[in-house]
Amino acid sequence: MQKNKYDFLLAGAGLFNAIVAREATRRGKRCLVVEKRGHFGGNVYCEQISGINVHKYGAHIFHTCDKEVWDYMNELCEFNHYVNSPLARYGDKIYNLPFNMNTFYQLWQTRTPGEAMKVIESQRIRNDSPANLEEQALALVGKDIYEILVKGYTEKQWGCEAGQLPAFLIRRLPVRFRYDNNYFDDPYQGIPVGGYNRIFAQCFRDCEMRYNTDFCQHREWAKEAGTTVFTGMIDRYYDYCYGALEYRSLRFENKIMNIPDYQGNAVVNYTEREIPYTRIIEHKHFEFNYRTDTTVLTLEYPQSWTPELEPYYPVNTPENEVIYSKYEQRARGEKNVYFGGRLGCFKYYNMDQVVHSALMLVKELMG
Ligand code: FAD
């Protein structure tokens with residue numbers, strides 16, 4: 001029988017396929033990587049601007065509660081001790097996030113958990129079956145937090161009035177009765193020292209790379225490989241045969257400023273509806289890069305997705321889940337094609353979940 005030229009065709013050079021590529025090439029397998037963009041890294045990719053690693057497709061903070069994933073990632077790179085502590089700006093005021101005792105002091109000058117709980121309880125509008133996101137948020141955190149910190153931000157994110165959004169979008173709004181601005185509850189977090197790209201350079205080191213190439217326009221290449229792993233949009237792979245899934249997109253606007261520091265923090269959310277962007281990222285703070293006199297900012301504007309835009313977020317409404325389950329079922333019937341990652345599985349995966357699921361696939365395929 002004629003041997004395949006490659007053991008794996010990996011469609012997409014993001015994090016999912018980076019892990020598959022690393023594990024496959026370590027086992028002596030030959031991999032062809034086909035990537036639509038001109039570089040590896042997917043949405044985790046960093047672009048160097050003025051000596052600063054700029055998270056080109058949105059701020060990425062690695063965090064996990066999975067010790068195995070953390071140890072695995074630490075084999076690939078060293079992490080710094082960055083702790084995500086975003087701020088919210090509303091009018092001329094600054095608030096700490098996530099909602100915690102510092103935020104409550106800034107809102108109401110409460111000093112103890114008991115005082116803060118009392119205010120929240122007095123503002124909550126109880127509702128056992130909230131009809132929309134607004135009712136849900138008011139039931140969870142009450143009027144002030146909702147109006148100052150949730151409403152405008154969420155409406156910008158979804159491009160829609162909160163009263164028109166489904167309640168399930170915010171099942172939980174974590175409220176922390178401690179003075180603790182660490183956004184994540186996970187025990188492990190950080191940013192790779194020297195940026196994320198080093199991880200990808202290492203993982204894809206022994207692969208054949210074809211950039212600026214859309215796999216869907218070269219499906220015949222799959223015949224040259226034993227197995228294909230596809231990390232693009234699953235609905236597109238199947239030519240939208242069960243209907244198109246929904247995504248949200250983003251527009252990023254970079255600003256280079258000749259000042260050492262613009263906002264004193266990596267992430268500042270703008271929670272007013274009238275300001276069109278949702279947040280400003282100041283990248284140097286991710287890597288404590290304080291020696292440069294220049295700083296690079298990214299303003300993030302949410303937008304509706306259309307086929308010429310990047311599909312950043314799957315929209316996991318019940319209607320989309322029904323459509324996705326049809327694609328998933330069809331995918332399960334494939335012999336040598338596997339789907340992975342955010343777009344391949346239509347799931348709101350964080351990086352650690354992507355690494356975990358890629359390692360599961362590696363186990364299934366290569367033992
Ligand atoms: P992707 O990174 O999307 O990579 C898929 C690759 O496939 C892309 O390079 C794409 O160009 C390519 N591709 C698609 N279709 C084709 C095709 N037909 N042919 C060839 N190539 C194709 N996670 C965290 O843990 N922490 C965070 O702070 C965080 N912040 C985020 C912020 C934003 C704005 C976004 C959008 C995501 C964030 N994430 C975060 C999630 C993180 O980006 C994902 O978990 C991770 O990047 C998913 O990796 P992936 O390989 O599945 O997909």
Side-chain angles (χ1 to χ4, degrees), residues 9-22 32-46 55-66 69-70 73 79 82-84 86 157 183-184 186 188-192 196-197 199-200 203-204 209-219 221-222 228-239 247-252 266-267 277-279 281 283 286 298-303 305 307 309-315 338-358 361:
L9 186 152
L10 306 178
L15 188 58
F16 189 93
N17 271 341
I19 303 303
V20 177
R22 177 180 191 243
L32 170 66
V33 182
V34 180
E35 168 56 54
K36 209 165 57 146
R37 293 175 179 162
H39 57 75
F40 55 45
N43 290 336
V44 186
Y45 176 74
C46 292
H55 297 199
K56 187 175 166 79
Y57 303 100
H60 276 76
I61 299 117
F62 196 93
H63 60 97
T64 188
C65 61
D66 186 331
V69 166
W70 181 245
M73 292 307 287
F79 283 87
Y82 176 82
V83 172
N84 195 32
Q157 256 189 328
Y183 196 77
F184 299 117
D186 290 336
Y188 312 107
Q189 71 176 300
I191 303 282
Y196 283 97
N197 293 2
I199 296 175
F200 295 95
C203 291
F204 290 122
M209 309 295 289
R210 290 189 198 158
Y211 290 114
N212 302 307
T213 309
D214 185 339
F215 170 77
C216 294
Q217 289 167 6
H218 296 277
R219 291 171 192 259
W221 290 352
T228 296
V229 182
F230 184 80
T231 61
M233 293 157 57
I234 189 167
D235 53 341
R236 177 153 184 257
Y237 181 92
Y238 286 119
D239 295 323
Y247 304 86
R248 286 287 291 165
S249 194
L250 292 167
R251 179 169 69 80
F252 301 106
V267 183
Y277 41 87
T278 43
R279 52 185 193 166
I281 308 299
H283 300 269
F286 288 128
T298 303
L299 282 61
E300 218 170 278
Y301 298 81
Q303 55 184 6
W305 179 78
L309 298 176
E310 287 290 339
Y312 287 108
Y313 302 111
V315 179
Y338 296 84
F339 294 83
R342 259 205 178 187
L343 302 174
C345 298
F346 198 65
K347 299 242 168 1
Y348 213 96
Y349 281 146
N350 280 326
M351 289 183 277
D352 62 326
Q353 296 167 306
V354 165
V355 172
H356 175 81
S357 59
L361 180 64

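Each ligand, and each atom within it, is numbered from 1 in the order the structure gives.
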Only one of Lys56, His60, His55 passes side chain to side chain contact (heavy atoms under 4.5 Å, CB included) with Val44; say which it is.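 Looking at Lys56, His60, His55, the match for Val44 under the side chain to side chain contact (heavy atoms under 4.5 Å, CB included) is His60.
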Any chance the side chains of Tyr237 and Asp235 put a donor and an acceptor closer than 3.5 Å?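 No donor-acceptor contact under 3.5 Å links the two side chains.
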Nearest option to [atom], as decided by whichever heavy atom of [options] sits closest:
{"atom": "atom 47 (O) of ligand 1", "options": "Val34, Val44, Thr64", "result": "Val44"}
{"atom": "atom 18 (N) of ligand 1", "options": "Ile61, Asp214, Ile19", "result": "Asp214"}
{"atom": "atom 32 (C) of ligand 1", "options": "Gly344, Gly341, Gly42, Ala59", "result": "Ala59"}

Taking [atom] as the reference point, the nearest protein heavy atom with its distance:
{"atom": "atom 44 (C) of ligand 1", "answer": "Tyr349 O, 3.7 Å"}
{"atom": "atom 29 (C) of ligand 1", "answer": "His60 CD2, 3.6 Å"}
{"atom": "atom 48 (C) of ligand 1", "answer": "Val354 CG2, 3.7 Å"}
{"atom": "atom 22 (C) of ligand 1", "answer": "Lys36 CB, 3.8 Å"}
{"atom": "atom 19 (N) of ligand 1", "answer": "Phe215 N, 2.9 Å"}
{"atom": "atom 34 (C) of ligand 1", "answer": "Tyr313 OH, 3.3 Å"}
{"atom": "atom 12 (C) of ligand 1", "answer": "Glu35 OE1, 3.3 Å"}
{"atom": "atom 4 (O) of ligand 1", "answer": "Gly14 CA, 3.5 Å"}

Taking the six-membered ring for Trp, are Tyr338 and Phe16 closer than 6.0 Å centroid to centroid?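 No, ring centres 6.0 Å or more apart.
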Between Tyr238 and Phe230, ring centroids under 6.0 Å: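 No, too far apart.
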Is the contact between [X] and ligand 1 made by the side chain, the backbone, both, or neither, using heavy atoms and a 4.0 Å cut-off?
{"X": "Phe62", "result": "neither"}
{"X": "Arg236", "result": "side chain"}
{"X": "Ala18", "result": "neither"}
{"X": "Leu250", "result": "side chain"}
{"X": "Asn43", "result": "both"}

Out of curiosity, is [X] lining ligand 1, as in a heavy atom under 4.0 Å away?
{"X": "Tyr45", "value": "no"}
{"X": "Asn84", "value": "no"}
{"X": "Phe40", "value": "no"}

Hey, does the side chain of [X] reach the backbone of [Y] with a donor-acceptor pair shorter than 3.5 angstrom?
{"X": "Glu300", "Y": "Arg279", "value": "no"}
{"X": "Ser249", "Y": "Gln303", "value": "no"}
{"X": "Gln217", "Y": "Asp214", "value": "no"}
{"X": "Gln189", "Y": "Asn84", "value": "yes"}
{"X": "Asp66", "Y": "His356", "value": "no"}
{"X": "Arg248", "Y": "Pro302", "value": "no"}

Flag yes if more than 12 heavy atoms outside His39 fall under 6.0 Å of its NE2 atom; otherwise flag no.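 More than 12 heavy atoms, drawn from other residues, nucleotides or ligands, come within 6.0 Å of this atom.
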Just wondering, are more than 12 heavy atoms of other shown residues or ligands nearer than 6.0 Å to OH in Tyr45?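 Buried by this count: over 12 neighbours within 6.0 Å.
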Check whether Tyr313 forms a cation-pi arrangement with Arg342 (NZ or CZ under 6.0 Å from the six-membered ring centre, at most 45° off the ring normal).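 Not flagged: Arg342 not positioned over aromatic ring of Tyr313.
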Quick one: is the NZ or CZ of Arg37 closer than 6.0 Å to the six-membered ring centre of Tyr211, and within 45° of its axis?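 No, Arg37 does not lie over the aromatic ring of Tyr211.
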Can you sort out which atoms of ligand 1 are near [X], meaning under 4.0 Å from one of its heavy atoms?
{"X": "Gly232", "result": "14 (C), 15 (N)"}
{"X": "Phe16", "result": "51 (O)"}
{"X": "Leu15", "result": "49 (O), 51 (O)"}
{"X": "Thr213", "result": "19 (N), 20 (C)"}
{"X": "Thr231", "result": "5 (C), 7 (O)"}
{"X": "Tyr57", "result": "33 (C), 34 (C)"}
{"X": "Tyr312", "result": "36 (C)"}

Got an N/O contact under 3.5 Å between Arg342 and ligand 1?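 Arg342 vs ligand 1: N/O contact under 3.5 Å present.
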Short N or O distance, Phe230 and ligand 1, threshold 3.5 Å exclusive: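 Phe230 vs ligand 1: no N/O contact under 3.5 Å.
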Can you confirm whether something in the protein, heavy atoms only, sits under 4.0 Å from atom 26 (N) of ligand 1?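 It does: a protein heavy atom is found less than 4.0 Å away from atom 26 (N) of ligand 1.
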Distance from Thr64 atom OG1 to Asp186 atom CG, nearest 0.5 Å?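 Separation between the atoms: 5.5 Å.
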Criterion ring-ring contact (aromatic ring centres under 6.0 Å, His included) against His63, the qualifying member of Tyr183, Phe184, Tyr82: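 Only match with His63 under ring-ring contact (aromatic ring centres under 6.0 Å, His included): Phe184.
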Name of the residue among Phe286, Tyr196, Trp70 meeting ring-ring contact (aromatic ring centres under 6.0 Å, His included) with Phe79: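 Looking at Phe286, Tyr196, Trp70, the match for Phe79 under the ring-ring contact (aromatic ring centres under 6.0 Å, His included) is Trp70.
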